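Contents: one structure, followed by commentary.
The structure displayed is predicted, hence computed values, not measured ones. Every chain is numbered from 1, with letters handed out A, B, ... down the list of sequences.
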Amino acid sequence: MGLEEKLGNNIFTTRLNKIVNWARKNSLWPMPFGTACCAIEFMATVGPRFDLARFGAEAIRFSPRQADLLLVAGTIVNKMAPVLKKIYVQMAEPKWVISMGSCATSGGIFDTYSTLQGIDTIIPVDVYVAGCPPRPEALIDAIMQLQEMIKQESVIRPRKAVTVG
Amino acid sequence: MSELIETIKNRFRDRIVSGQERFKPKSIKIKSSDLVEIMTALKDEEPFRFNQLLDIAGVDFLNQKPRFMVVYILLSTIKNHRLIVEVDINENDSIPSLTSVWCGADWFERELYDMFGIKVVGHPCLKRILMSEDFESYPLRKDFPVRGLTPSEQRYAPWDKRRTREY
């Protein structure tokens, strides 16, 4: 178009939030907070058959400081809840949370005194994946949906802050 | 061995309250005052040599006296036989610790205390192991509701009044 014609073939113009969102959504580095059986399904998803690396999730980081997607896979009990909150708070913005499986979403079949009835009681969740455990295709669908959500984010308007305490 | 219960009864005479060998695994019932002595003998003497304590379990018969029963599952890898030892105890009674006999009894007895409230005398460090330290009741007793004692808001969505059934 007008400006790009003059700049030559190596330069293209775009909007800032489009390029930032494109970079963020295509390099989601997950931190698998795997506590139970859903972690095994996650391992299957990053295996060769249902490759998750083709969506940019190549580098699985087990440290919250180096990851931007917290993938909570498995049952969270009341004793583990403060640990999960601590890990979430240690992640740097921008961060997203996928709650994988029934137990992380709502306590699952464990409607008991010891199980947290859904991680959204303590941390904000972006995508919920149902299933016990969800199939790898379902998890990939969740990652793709998260990518669609990231595509529509705004760089100017800040994300809502999480209060600690 | 086929006459395990007979041999045990001959050895300990009337300190064995009852024994059965019809159903596997064979079991004996003893009193909690003889516990450490009988267990030491079962561990060290021929022909018993029960060198492994596999588990300590608790049973809550809600409306019976005595209310609780503690079950010890023993295995002999040397002689290849198993035994179950049962001890009846009342509520608010305590049992002696078996950590001096098998050191693996440590965590089993902590779980017994945590889940049933059965105190263990002589335990090196009797505190809760599965529930958090400030938890107040004993979850595996029969009068503890499944959902827990505090009706916290996280149990149901506030707009969903259907979930009012209590266990």
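Contacts between residues 129-136 of chain B and chain A, defined by a heavy-atom separation under 4.5 Å, are made by Ile129(B), Leu130(B), Met131(B), Ser132(B), Phe135(B).
Glu37(B) pairs with exactly one of Arg15(B), Lys43(B), Lys31(B), Arg11(B) by the salt bridge (Lys or Arg N to Asp or Glu O under 4.0 Å) rule, that one being Arg15(B).
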Do any side-chain atoms of residues 35-57 of chain A form donor-acceptor pairs under 3.5 angstrom with protein atoms, and if so which ones, sequence neighbours left out?
unit_1	atom_1	unit_2	atom_2	d
Thr35(A)	OG1	Thr75(A)	N	3.3
Thr35(A)	OG1	Thr75(A)	O	3.0
Thr45(A)	OG1	Glu41(A)	O	2.7
Asp51(A)	OD1	Ala53(A)	N	3.2
Arg54(A)	NE	Asp51(A)	O	2.8

In residues 99-106 of chain B, what donor-acceptor pairs under 3.5 Å come from side-chain atoms, sequence neighbours left out?
unit_1	atom_1	unit_2	atom_2	d
Thr99(B)	OG1	Ser97(B)	OG	2.8
Trp102(B)	NE1	Phe50(B)	O	3.4
Trp102(B)	NE1	Asn51(B)	O	3.2
Asp106(B)	OD1	His123(B)	NE2	3.1

Check: residues 136-144 of chain A side-chain donor-acceptor pairs under 3.5 Å, at least two apart:
unit_1	atom_1	unit_2	atom_2	d
Glu137(A)	OE1	Arg135(A)	NE	2.9
Glu137(A)	OE1	Arg135(A)	NH2	3.3

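Within 6.0 Å of the CD atom in Glu91(B), the count of heavy atoms belonging to other residues, nucleotides or ligands exceeds 12.
At least one side-chain heavy atom of Ile89(B) sits less than 4.5 Å from a side-chain heavy atom of Ile118(B).
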